[in-house]
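Structure record follows, encoded as structure tokens.
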Amino acid sequence: MMVDPAVLDELDRLRGRVHELSGSVLATTDGLVVAHDAHGIEPDSIAALAAAHLALARRFAHAVNHGELRESVVECDRGYITSYTAGPNALLTLVTSGDANLAMVHLEARRCVRRLTRILKLEGKPAPRPEIPQQAGPTGPLTRRTPMSTLSTNARRRQAAG
């Protein structure tokens, strides 16, 4: 996949503005790397983990009725992992050291996301919504199942035997 040089330039400029930055990965929301500036960090792993984290964080945001997720922060003993949504289908993940000024990281990352979104022309495009295939309903009533813990020991033996 050919990466737009403007995207790589933007990630390079971000590294210049945030000196504590260890690496940055721009990925799709399903975990595929679009571009990265990650030296010593495996970008494919970061992209896949960030996508999984994004999915969980989005569910968390919806569970508490806080709207759409914009960013997420993971604080570790030796640094931060921050992820920012970049349009409906992309995610920017940054890995920084523990001495990073988190407010400055957020400021620069948000600016970078706005520029990346314009570069990738993600603004204004609705997220693709796959069609849900129509399935035929059940032909008869659904079978009622009895949990094993409520059956007597003899009934469990009969069921196991066959």
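Open room surrounds CZ on R70; 12 or fewer heavy atoms of other groups in view lie less than 6.0 Å from it. Heavy-atom contacts from other residues, nucleotides or ligands closer than 6.0 Å to NE2 of H39 number more than 12.
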Begin with the C-alpha distance, continue with both residues' side-chain angles, and end with the deciding distance and a verdict on side-chain hydrogen bond (donor to acceptor under 3.5 Å, both in side chains) for S72 and H53.
-> CA-CA 9 Å; S72 176; H53 180 78; 2.6 Å; yes

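Side-chain heavy atoms closer than 4.5 Å link hydrophobic residues (I, L, V, M, F, W, Y) into clusters, and following such links, possibly through other members, connects L94 to V7. Linking ILVMFWY side-chain heavy atoms closer than 4.5 Å, directly or via other members, places L8 and V34 in a single hydrophobic cluster. Hydrophobic clustering of Ile, Leu, Val, Met, Phe, Trp and Tyr side chains at less than 4.5 Å, counting indirect connections, unites Y84 with L116. I119 is connected to L92 through a chain of hydrophobic side-chain contacts under 4.5 Å among Ile, Leu, Val, Met, Phe, Trp and Tyr, so both are in one cluster. Both L120 and L11 are members of a single hydrophobic cluster when ILVMFWY side chains are connected at heavy-atom separations under 4.5 Å.
Annotation: side chain of H106 is in contact with side chain of T82 (closest heavy-atom distance under 4.5 Å). You'll find the side chain of D37 stays beyond 4.5 Å of the side chain of L14, heavy atoms only. Between C76 and I81, some side-chain heavy-atom pair lies under the 4.5 Å cut-off. Residues Y80 and L102 have side chains in contact (heavy-atom distance under 4.5 Å, counting atoms from C-beta outward). By the 4.5 Å heavy-atom criterion applied to side chains, R58 and T85 are counted as neighbours.
If you take OG on S83 and CD on E71, they are separated by 10.0 Å, rounding to the nearest 0.5 Å. Of the inter-residue distances, the one linking D9 atom CG with R115 atom CZ reads 11.5 Å to the nearest 0.5 angstrom. In this structure, CG on D44 lies 11.0 Å from CG on L49, to the nearest 0.5 angstrom. With rounding to the nearest 0.5 Å, the separation of CD in E42 from NE2 in H36 is 8.0 Å. Considering CG of L69 and CZ of R59, their distance stands at 13.5 Å, rounded to 0.5 Å. To the nearest 0.5 angstrom, N89 atom CG is 5.0 Å from T29 atom OG1.
Of all heavy-atom pairs between G23 and L21, the closest is O-CD1, 3.3 Å. The heavy-atom pair separating V105 from A100 by the smallest distance is CG2-CB, 4.0 Å. Between L26 and A86, the shortest heavy-atom contact is CD1-CB, 4.5 Å.
A salt bridge links E10 to R17: at least one charged side-chain nitrogen sits closer than 4.0 Å to a carboxylate oxygen.
R15 contributes a side-chain N or O that, together with a main-chain N or O of S22, makes up a donor-acceptor pair within less than 3.5 Å.
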